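Note on naming: letters A, B, ... go to the chains in the order of the sequence lines (proteins, then strands), and numbering restarts at 1 for each one. Computation of the quantities below employed the complete heavy-atom set of this structure, encompassing side-chain atoms and omitting hydrogens, waters and symmetry-equivalent molecules. As the structure is a prediction and not an experimental result, all values here were calculated from the model.
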Number of protein chains: 2
Amino acid sequence: MRTASPKAPSESSLDTHLANSGLRVTPQRQRVHEVLREKMDHPTADQVFLRAKNKMPEISMATVYNCLDALVQCGLVRQVTLDRGATRYCPNMQDHSHFYCDACGSVYDILQTISPEEADIKLPRGFRLKNIETNLHGLCPDCAAKAK
Amino acid sequence: MRTASPKAPSESSLDTHLANSGLRVTPQRQRVHEVLREKMDHPTADQVFLRAKNKMPEISMATVYNCLDALVQCGLVRQVTLDRGATRYCPNMQDHSHFYCDACGSVYDILQTISPEEADIKLPRGFRLKNIETNLHGLCPDCAAKAK
DNA sequence: ACCACTATTTAGAATAATTCTAAATCTTGA
DNA sequence: TCAAGATTTAGAATTATTCTAAATAGTGGT
């Protein structure tokens, strides 16, 4: 799993985002956000839990889920669901898409995306479109080579 | 068990698709495919299991997963993962995208999609793009009305 | 500073989703 | 018919996520 030249959101942005959603700044939320920014490899909740524990041994799994939900809610983190496995979390809020290797399951950030305007999606009456999630499926370089 | 009779086009497509992937045609796979075509409401494995049991009470959950995997593998069914909940299954292989209501979780087919050419995605060397999955997120008409 | 109020965290239990296992059954081809 | 291999099955096991109720911590008003 790889990440290309990421711009991680700053910590002060954490404070304002949480505040804007009426949520408090807590050490646990700071730590979870920090973990996500440290290594932007789309970790699962479980992986976040393990990494968070290094500096905060008392943190619990339930809290990790709570924190992730809070961060998603205030717009600092994206949930990434690409297959039947565990949900992954992405702190890169820049527009980008995810490439998922159907063979080995690895995930890559692709700094390109399709904007709602570009796509010009026509929805039936009443639907309110918030954003477009683009997932690219195929083979990563390694698996493409093996498939030959 | 079924007697020899003219096969519906969709059913023969099941046969050829399975055969092309080196998979056998079995009553369970036929039933699961039938269930998906009967009501294309993006059911979860659990829902498929319950529906399949109506006409085939002995079928097991493990078999439903096996069959769904076989159908996905041979290109007759798409997996749809939109949130942290259970994976959904879609037998519509026409190009289309899914609208997911972030408030109530309902899923709608949108007969519009972004082709790889249109999107003109530039991938790093070695990646092989197979298809683009487009998920539209927002509010369905009901939830949009309530949000006012 | 003190108090009450509410948000948040916590451990662990509970539930949900999926995968595994090993035996039974079915299919196919020699 | 037989052997090999594919598929199904029930149930156990595992993994992922949510729930619960009690403890803790942060906030605003006095």
| Spacing between B:D83 atom CG and D:dT18 atom C1', to the nearest angstrom | 14 Å
| query | Is a side-chain donor-acceptor pair under 3.5 Å present for B:D102 with B:H137? | reply | yes
| Distance from B:C67 atom SG to B:I59 atom CD1, nearest 0.5 Å? | 5.5 Å
| said: Given D:dT17, C:dA17, C:dT8, identify the nucleotide with an atom nearest to the side chain of A:A86. | reply: D:dT17
| When the distance from NZ of B:K53 to P of D:dT9 is rounded to whole Å, what number comes out? | 11 Å
| query | Any side-chain donor paired with an acceptor under 3.5 Å for A:S13 and A:T16? | reply | no
| Which nucleotide, C:dT18, D:dT7, C:dT10, lies nearest any side-chain atom of B:R29? | D:dT7
| said: Between B:Q28 and C:dC26, is there a contact of a side-chain N or O with OP1 or OP2 at under 4.0 Å? | reply: no
| note | By nearest-nucleotide position on DNA chain C, the 5'-leaning member of A:R84 and A:V25 is A:V25
| said: From the set D:dT9, D:dT17, D:dT7, return the single nucleotide nearest to any side-chain atom of B:A62. | reply: D:dT9
| task | May I ask you to verify if any side-chain N or O of A:R24 is less than 4.0 angstrom from the OP1 or OP2 atom of D:dT27? | result | no
| said: Closest-nucleotide mapping onto DNA chain D: is B:P57 or A:M61 further toward the 5' terminus? I mean the 5' end. | reply: B:P57
| message | Could you tell me how far apart A:D46 (CG) and D:dT17 (P) are, to the nearest whole angstrom? | response | 9 Å
| field | For atom CZ of B:R31 and atom P of D:dT9, their distance in whole Å | value | 13 Å
| note | When B:D69 and A:E58 are each assigned the nearest nucleotide of DNA chain C, the 5'-most assignment goes to A:E58
| query | Would you say C:dG12 has OP1 or OP2 under 4.0 Å from some side-chain N or O of A:S60? | reply | no
| task | Output the distance between atom CZ (A:R88) and atom NE2 (A:H98), rounded to the nearest 0.5 Å. | result | 10.0 Å
| field | Spacing of A:M56 atom CE relative to D:dT24 atom P, expressed in whole Å | value | 17 Å
| request: Look at all strands and tell whether B:T44 reaches a base, only sugar-phosphate, or nothing, counting heavy atoms closer than 4.0 Å. | output: nothing
| Between A:L18 (CG) and D:dT27 (C1'), how many Å, whole number? | 16 Å
| Does A:R29 come within less than 4.0 Å of A:D15, counting only side-chain N to carboxylate O? | no
| said: Between B:T26 and D:dT8, is there a contact of a side-chain N or O with OP1 or OP2 at under 4.0 Å? | reply: yes
| query | B:R88 CZ to C:dA16 C1': how many Å, rounded? | reply | 14 Å
| message | In this structure, how many angstroms lie between the P atom of D:dC19 and the CG atom of A:N66, rounded? | response | 11 Å
